[in-house]
Each structure stands twice: as structure tokens, then as C-alpha cells.
Enquirer: 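Mind looking over this structure? Questions follow.
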Amino acid sequence: MPNPKTLISEEDIKARVEELAAQISLDYADKEEIVLVGVLKGSFIFLADLSRRLSIPRHIEFIAVSSYEHGSVRSGAVRLVMDVRRSIEGKHVLIVEDIVDTGHTLHYLIDMLKSRNPASIRTCTLLHKEHATEVDVKIDYLGFAIGDEWVVGYGLDYDEKDRTLPYIGVINPDD
Ligand code: 5GP
């Protein structure tokens, strides 16, 4: 199978991640610490790059969710499969996602983490499929808006393949 077609180059990702890290560092400059909650598996590379560019004290946590499926149709319901390991009560939480598609996953995570009384909660996603939104979620930090197509690379997969591609690519279903 040919390599996925480039949608966002490695250089463009790097530049945008630097901008996001600078903005986040500025916004949280007066806070004691920020808790970055990476959503597995897709966000692991984005989180690694973003967290290393922050100039503020940070603590890293991970969470994992899975979508309920009926046959091959996603129902929109989300299930927690791995929780954070430290209490987030009174903490400034930033959820770090790879991609927001319908919005169900992020909506679920915001609700769930909010119920644990953090000092604040914001969201950061590398990619957003703006026209696929089914539930409105507030995205505080966005890397790139993209069209409604399946993307891979920089942590994102297609059937566990292509996660380690250095760029964001598009799978052509005809390949
Ligand atoms: P949502 O709940 O917003 O519909 O979906 C979010 C999740 O769906 C993402 O965290 C990701 O796991 C998966 N997803 C949605 N679109 C894509 C895509 O184009 N590529 C990949 N690799 N995953 C996607």
C-alpha cells in the first residue's frame, strides 16, 4: 500500500505545536502547575512534543476511553477503560486529544473530569473535523481544522497502522 498522502507536513505540525505551547505557557503562567491529561492512544506523540515545549510546571496523566459500537456503527456512547492515577481535585486540568470528530469523546471526558472538582478544565486538540460535530464541545486550543476524512500519523492510526508516521496523512480508500 502506498504511503498516505500528506495533509499536514512534519514542519507545519512542529511550528503549530510550538505556537500552542507558547500560548498555553502564557495562559497558565501564574498557576502553580498544570495537569496534562492525554487521551490514549492517539495523543501520545502530540502530548510528548507539546509537554516538552511548555515553559511552566506540568504533571502528565493519561486516560483511555473506547467508543461503544453496534456492529460497525459507533453509537456515540463512550466508556472509560483507564483512569488517571492522581486526584485532579483543585488542579488546573488540560485535556490533550489527538482529534475531535463528532465531539462525543471530549464531551464525556469534560463531564467526567469536571465532576471531580478541578480548579479549572480546558481542552486542547491537534485536529478538529469541524463539519462532523454532533455535540458541541469547547476547544480552547486547536492545532488544525480539517475536513471529514480519515487521517493517520503523528499518533493516529488506521487499524493500529501508521501511528509513527511523522506527518498527518490521508488514507485513500481506493489505494
Ligand atoms: P469523537 O468522539 O469526537 O467522534 O471521536 C474521537 C475519537 O475518534 C478520536 O479520539 C479518535 O480516536 C477517533 N477518530 C476520529 N476520527 C479519526 C481519524 O480521522 N483518524 C483516526 N486515526 N482516529 C479518528
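Counting convention: from 1, in listed order, for ligands and their atoms alike.
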Enquirer: Which atoms of ligand 1 are found less than 4.0 Å from any heavy atom of Asp98?
Expert: 9 (C), 10 (O)
Enquirer: NZ of Lys41: more than 12 outside heavy atoms within 6.0 angstrom?
Expert: no
Enquirer: Is the cationic atom of Arg79 (NZ for Lys, CZ for Arg) positioned less than 6.0 Å from the six-membered ring centroid of Tyr108 and within 45 degrees of its normal?
Expert: no
Enquirer: Polar-atom distance check: Val151 versus ligand 1, any N or O pair below 3.5 Å?
Expert: yes
Enquirer: Mark up the atoms of ligand 1 that fall under 4.0 Å of a heavy atom belonging to Glu97, in ascending order.
Expert: 10 (O)
Enquirer: In this structure, are over 12 heavy atoms from other groups packed under 6.0 Å from Arg85 atom CZ?
Expert: no
Enquirer: Specify side chain, backbone, both or neither for Lys129, according to which of its non-hydrogen atoms lie closer than 4.0 Å to ligand 1.
Expert: side chain
Enquirer: Show which atoms of ligand 1 fall inside a sub-4.0 Å distance from at least one heavy-atom site of Thr105.
Expert: 1 (P), 2 (O), 5 (O), 6 (C)
Enquirer: Would you say the side-chain atoms of Tyr167 and Asp12 include a donor-acceptor pair closer than 3.5 Å?
Expert: no
Enquirer: Step by step, would you call Arg86 with Glu33 a salt bridge (Lys or Arg N to Asp or Glu O under 4.0 Å)?
Expert: CA-CA 14 Å; Arg86 195 174 90 164; Glu33 184 189 62; 2.9 Å; yes
Enquirer: Can you establish whether the number of heavy atoms outside Asp136 located under 6.0 Å from its atom CG is more than 12?
Expert: no
Enquirer: Check if Val152 has a non-hydrogen atom at a distance under 4.0 Å from any atom of ligand 1.
Expert: no
Enquirer: Run the numbers for me: atoms of ligand 1, each under 4.0 Å from some heavy atom of Asp157, listed by number.
Expert: 21 (C), 22 (N)
Enquirer: Distance only, no hydrogens: is a donor on one side chain within 3.5 Å (strictly under) of an acceptor on the other, for Asp27 and Tyr141?
Expert: yes
Enquirer: Hey, which atoms in ligand 1 end up nearer than 4.0 Å to a heavy atom of Glu149?
Expert: 19 (O)
Enquirer: For the pair Arg53 and Glu18, find out whether any cationic side-chain nitrogen is under 4.0 Å from an anionic carboxylate oxygen.
Expert: yes
Enquirer: Atom 23 (N) of ligand 1: which of Tyr154, Trp150, Tyr158 has the nearest heavy atom?
Expert: Trp150
Enquirer: Polar contacts were defined as any N/O atom of the residue lying under 3.5 Å from an N/O atom of the ligand; does this apply to Gly103 and ligand 1?
Expert: yes
Enquirer: Considering the heavy atoms of His104, write down every atom of ligand 1 situated less than 4.0 Å from one of them.
Expert: 2 (O), 3 (O)
Enquirer: Answer yes or no for Gly42: is there a heavy-atom contact with ligand 1 below 4.0 Å?
Expert: no
Enquirer: Counting only heavy atoms, which portion of Val39 has something under 4.0 Å from ligand 1: side chain, backbone, both, or neither?
Expert: neither
Enquirer: How about Ser120 and Val93: do any of their side-chain heavy atoms sit closer than 4.5 Å?
Expert: no
